[in-house]
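Proteins get letters first, then strands, A, B, ... in listed order; numbering begins at 1 in each.
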Amino acid sequence: MKDSDELLRWYDGAKREMPWRSGRDPYTIWVSEIMLQQTRVETVRPYFNRFIERFPTVDSLAAAAQDEVLALWSGLGYYRRARQLHAAARQIVADGGRMPSSEEELQKLPGVGPYTAAAVASIAFGVVAPVLDGNVERVLSRVLALEGDPRRAATRRRLLEAAGRLLDPARPGDSNQALMELGATVCTPKSPECGECPLAAGCAGLATGSPEHYPQLPERRKPRRQHRVAVVVERDARVLLIRRPDDSELLAGTWEFPWAPAGKDGGIEQSLAERFGGNWQIDRRLGRVRHAITHRALEVEVVRGSVAGGEAIAQGIESGWFTAEEIERLASSSLVGKILRCAGAAGTSTAADSGSRPCGP
DNA sequence: CATACGTGGGC
DNA sequence: TGCCCAAGTAT
């Protein structure tokens with residue numbers, strides 16, 4: 001039996017149930033593929049369900065405000081995906097409302113690269129196009145016992161060719177998903193279960209005796225650590241948030257507490273004044289939130305504060321006073337929720353008198 | 001081509 | 001605790 005047949009037979013018996021696998025609506029599949037970028041299936045599942053319930057069609061997504069889209073994305077990470085998904089939906093509607101069906105058209109959408117274009121084209125439209133994601137890269141690096149960094153362009157071409165050979169022209173979408181599912185559940189980064197693998201017979205990596213040796217990924221750079229002081233300013237059961245600019249490199253378009261770099265002696269109030277205007281008075285009582293990001297780790301110390309001089313937030317910086325309910329609905333960074341719970345502000349927690357006890361994860 | 005982007009889970 | 005990893009894309 002051909003490898004592609006073995007693979008599909010295995011997939012038919014071993015595939016996991018996923019909400020986006022129930023239908024073949026291109027919009028739904030597109031949304032799922034964007035959410036799944038660098039994100040585990042189990043993490044995506046609840047976000048996907050909430051998102052599709054609120055935005056069941058391209059038109060409903062295109063008609064939404066960006067803040068609401070970001071709020072539904074809150075906690076999922078890589079927020080650029082949400083903004084680009086939203087922008088792409090508006091682009092599609094402006095062009096007539098039909099989902100693009102070819103790889104070439106799909107890849108013109110913001111946030112859609114080679115992987116997502118091939119995934120949507122094959123799964124939703126039956127286009128015979130191989131995908132190359134992290135799973136496929138690992139599975140085929142092992143099958144071929146490929147030495148060297150698999151992310152080099154030349155190597156990727158070879159992997160894509162191998163993926164194409166495993167594609168069943170009658171079921172390209174299932175073939176692609178089968179290879180990814182295999183990587184996610186059997187051909188895992190550590191301790192692969194080669195006994196369960198439909199490709200084991202022809203796997204050169206397994207034949208070497210140490211399939212885990214592949215793929216040979218380059219070392220990662222260590223993240224740098226940043227220390228910040230975030231200020232929870234509360235007034236009439238509302239808290240002050242600042243909106244990050246859309247072109248911000250980090251957490252663009254999301255709301256956050258006013259913050260300043262920590263460590264400058266006595267300079268927090270001054271730093272805040274320079275950044276946001278107004279006279280800041282800070283009551284240093286609250287705890288600490290650790291916010292880890294892949295490439296930067298933030299150690300956020302949370303303190304209470306107040307702003308003298310009315311709404312003295314510098315012009316040009318978008319800011320607002322939010323109730324806990326509004327934050328629940330609209331605030332788009334999960335760090336805001338963490339800090340709010342830590343601070344016990346606006347009636348969101350019973351930890352209001354947590355004193356200087358560190359809090360957070 | 002290297003780097004940055006977020007977060008949560010596993011060991 | 002700290003490190004690795006996960007259905008990639010944009011710059």
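Put simply, CH2 on A:Trp73 is 15 Å from P on B:dG8, counting in whole angstrom units. Across the protein-nucleic acid pair, A:Arg83 atom CZ and C:dT11 atom P stand 10 Å apart, rounded to whole Å. Across the protein-nucleic acid pair, A:Asn135 atom CG and C:dG8 atom C1' stand 12 Å apart, rounded to whole Å. A:Ile34 places its CD1 atom 7 Å from the P atom of C:dT9, with the value rounded to the nearest Å. A:Arg80 has its CZ atom 16 Å from the P atom of B:dT3, to the nearest Å. Summarising the geometry, the separation between CZ on A:Arg156 and C1' on C:dT9 is reported as 11 Å, rounded to the nearest angstrom. Rounded to whole Å, the distance from CZ on A:Arg151 to P on C:dG8 is 9 Å. Atom CZ of A:Arg244 is separated from atom C1' of B:dA4 by 14 Å (rounded to the nearest Å).
Side-chain proximity of A:Gln37 to the nucleotides B:dG6, C:dG8, C:dA7 is greatest for C:dG8. In this structure, of C:dG8, C:dC5, C:dA7, it is C:dA7 that holds the atom nearest to the side chain of A:Met18. Set against C:dG8, C:dA7, C:dC5, the side chain of A:Gln38 has C:dG8 as its closest nucleotide.
With salt bridges taken as basic N to acidic carboxylate O contacts below 4.0 Å, none links A:Glu105 and A:Lys108.
Among the atoms of the strands shown, base atoms are found under 4.0 Å from some heavy atom of A:Glu181. Note on A:Val44: nothing from the nucleic acid sits closer than 4.0 angstrom, heavy atoms only. Among the heavy atoms of the strands lying under 4.0 Å from A:Thr39 is at least one base atom, whether or not backbone atoms are also near. Residue contacts for A:Pro114: at a heavy-atom cut-off of 4.0 Å it reaches the sugar-phosphate backbone alone, with no base atom in range.
Annotation: C:dT9 and B:dG8 have their P atoms spaced 23 Å apart (nearest Å). B:dG6 sits 13 Å from C:dC5 when the C1' atoms are compared, rounded to a whole Å. Rounded to the nearest Å, the gap between the P atom of C:dA7 and that of B:dC11 is 16 Å. When the C1' atom is compared between C:dA6 and B:dC1, the two are found 22 Å apart, to the nearest whole Å.
Of the two residues contacting DNA chain B, namely A:Lys190 and A:Asp149, the nearest-nucleotide position lying further toward the 5' end is that of A:Asp149. With DNA chain C read from its 5' end, the first of the two nearest nucleotides for A:Leu109 and A:Gln177 is the one closest to A:Gln177.
In this model, no side-chain donor or acceptor of A:Arg81 finds a partner on the base of B:dC5 within 3.5 Å. For A:Tyr78 and B:dG6, a side-chain-to-base donor-acceptor distance below 3.5 Å is present, hydrogens and geometry of angles not being considered.
Note: A:Trp280 and A:Phe276 have tilted aromatic rings, judged against thresholds of 30 and 60 degrees for the angle between ring planes.
Heavy atoms from other residues, nucleotides or ligands lying under 6.0 Å from CG of A:Asp236 number 12 at most.
Within the 4.5 Å cutoff, side-chain heavy atoms of A:Leu272 are placed close to those of A:Ile282. Counting only heavy atoms from C-beta outward, the side chains of A:Tyr11 and A:Leu182 never approach each other to under 4.5 Å.
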ask   = Can A:Tyr115 and A:Gln37 be said to form a side chain to side chain donor-acceptor pair (under 3.5 Å), step by step?
value = CA-CA 9 Å; A:Tyr115 163 77; A:Gln37 288 170 6; over 6 Å; no
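Applying the 4.0 Å criterion to OP1 and OP2 of C:dA6, one finds that A:Arg138 has a side-chain N or O inside that range. The phosphate of C:dA7 (OP1 or OP2) has no side-chain N or O of A:Thr116 nearer than 4.0 angstrom.
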